[in-house]
Amino acid sequence: MNSQEIITLYELVSDITGKMLAAARAGEWDRLTQLEELCSTHVQTLRNGEPPEPLSGPLRARKVQIIHKILADDREIRNLTEPWMAKLASLINHTGMERKLTNAYRTG
C-alpha cells in the first residue's frame, strides 16, 4: 500500500468507528456487532499492508489525528457497552444459578 492508500484505510476505519458509536448510542447491538466485524477486517488489512517505515509530514499528522478519533470513539463505545454487558452477565449468571437449583431439587 502507498501512503495515501494507508490514510484512506485509516479514514475508513474512523468512519466505521463513528458508525459503531452511533449504533451503541442507539442500543442497536446487532448493527454494532456487524460494524465491529467490518472494522476488524479493515484493521487486519492495515496490519498486513502497512509498510514498516513511518509516514512523514502532513500524512503522519493526519494519521495521528485519525487514530485519536478512533480511540475516542472506542472509549465512548466501551462506556456505553460495559454497563449493558455487566447486566447481561448478571442475567446469565442468575439464569445459570436457577438452572442449578432446579436440577438440584429435581434429582433430590
Please list every donor-acceptor pair under 3.5 Å in which a side-chain atom of residues 27-37 meets a protein atom from a residue at least two apart or in another chain.
unit_1 : atom_1 : unit_2 : atom_2 : d
W29    : NE1    : G27    : O      : 3.4
T33    : OG1    : W29    : O      : 3.0

Scan the side chains in residues 45-55 for donor-acceptor partners under 3.5 Å anywhere in the protein, sequence neighbours excluded, and list what turns up.
unit_1 : atom_1 : unit_2 : atom_2 : d
T45    : OG1    : T41    : O      : 3.1
R47    : NH1    : Q44    : OE1    : 3.4
N48    : OD1    : Q44    : NE2    : 3.2
N48    : ND2    : Q44    : O      : 3.4
E50    : OE1    : Y10    : OH     : 3.0
E50    : OE2    : K63    : NZ     : 2.5

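Checked against side-chain contact (heavy atoms from CB on, under 4.5 Å), H42 has the following partners two or more places apart in sequence or in another chain: L9, L12, V13, I16, L38. Residues passing the side-chain hydrogen bond (donor to acceptor under 3.5 Å, both in side chains) test with T17 are D73, sequence neighbours excluded. A search for salt bridge (Lys or Arg N to Asp or Glu O under 4.0 Å) contacts involving R78 returns D74, not counting sequence neighbours. Looking at residues two or more places apart in sequence or on another chain, you find a side-chain hydrogen bond (donor to acceptor under 3.5 Å, both in side chains) between E11 and R62. Looking at residues two or more places apart in sequence or on another chain, you find a side-chain contact (heavy atoms from CB on, under 4.5 Å) between R75 and A72, N79. Applying the side-chain contact (heavy atoms from CB on, under 4.5 Å) rule to I92 yields the partners L88; only residues at least two apart in sequence or on another chain are considered.
Identified under the salt bridge (charged side-chain N to carboxylate O under 4.0 Å, His left out) test for residues 91-104, with sequence neighbours left out: none. Applying the ring-ring contact (aromatic ring centres under 6.0 Å, His included) definition to pairs two or more places apart or across chains, none involves residues 47-76. Within the structure, salt bridge (charged side-chain N to carboxylate O under 4.0 Å, His left out) pairs that include any residue of residues 18-27 comprise D15-K19, R25-E76 (at least two apart or interchain).
I7 and M1 fall within a single hydrophobic cluster, where Ile, Leu, Val, Met, Phe, Trp and Tyr side chains are chained together by heavy-atom contacts under 4.5 Å. Both L21 and L71 sit in one connected hydrophobic cluster of ILVMFWY residues. Membership requires side-chain heavy atoms under 4.5 Å apart, directly or through other members.
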Practice task
Dump the intermediate steps for side chain to side chain contact (heavy atoms under 4.5 Å, CB included) on I66 and K69, then the final yes or no.
Solution key: CA-CA 5 Å; I66 294 167; K69 192 256 183 201; 5.7 Å; no

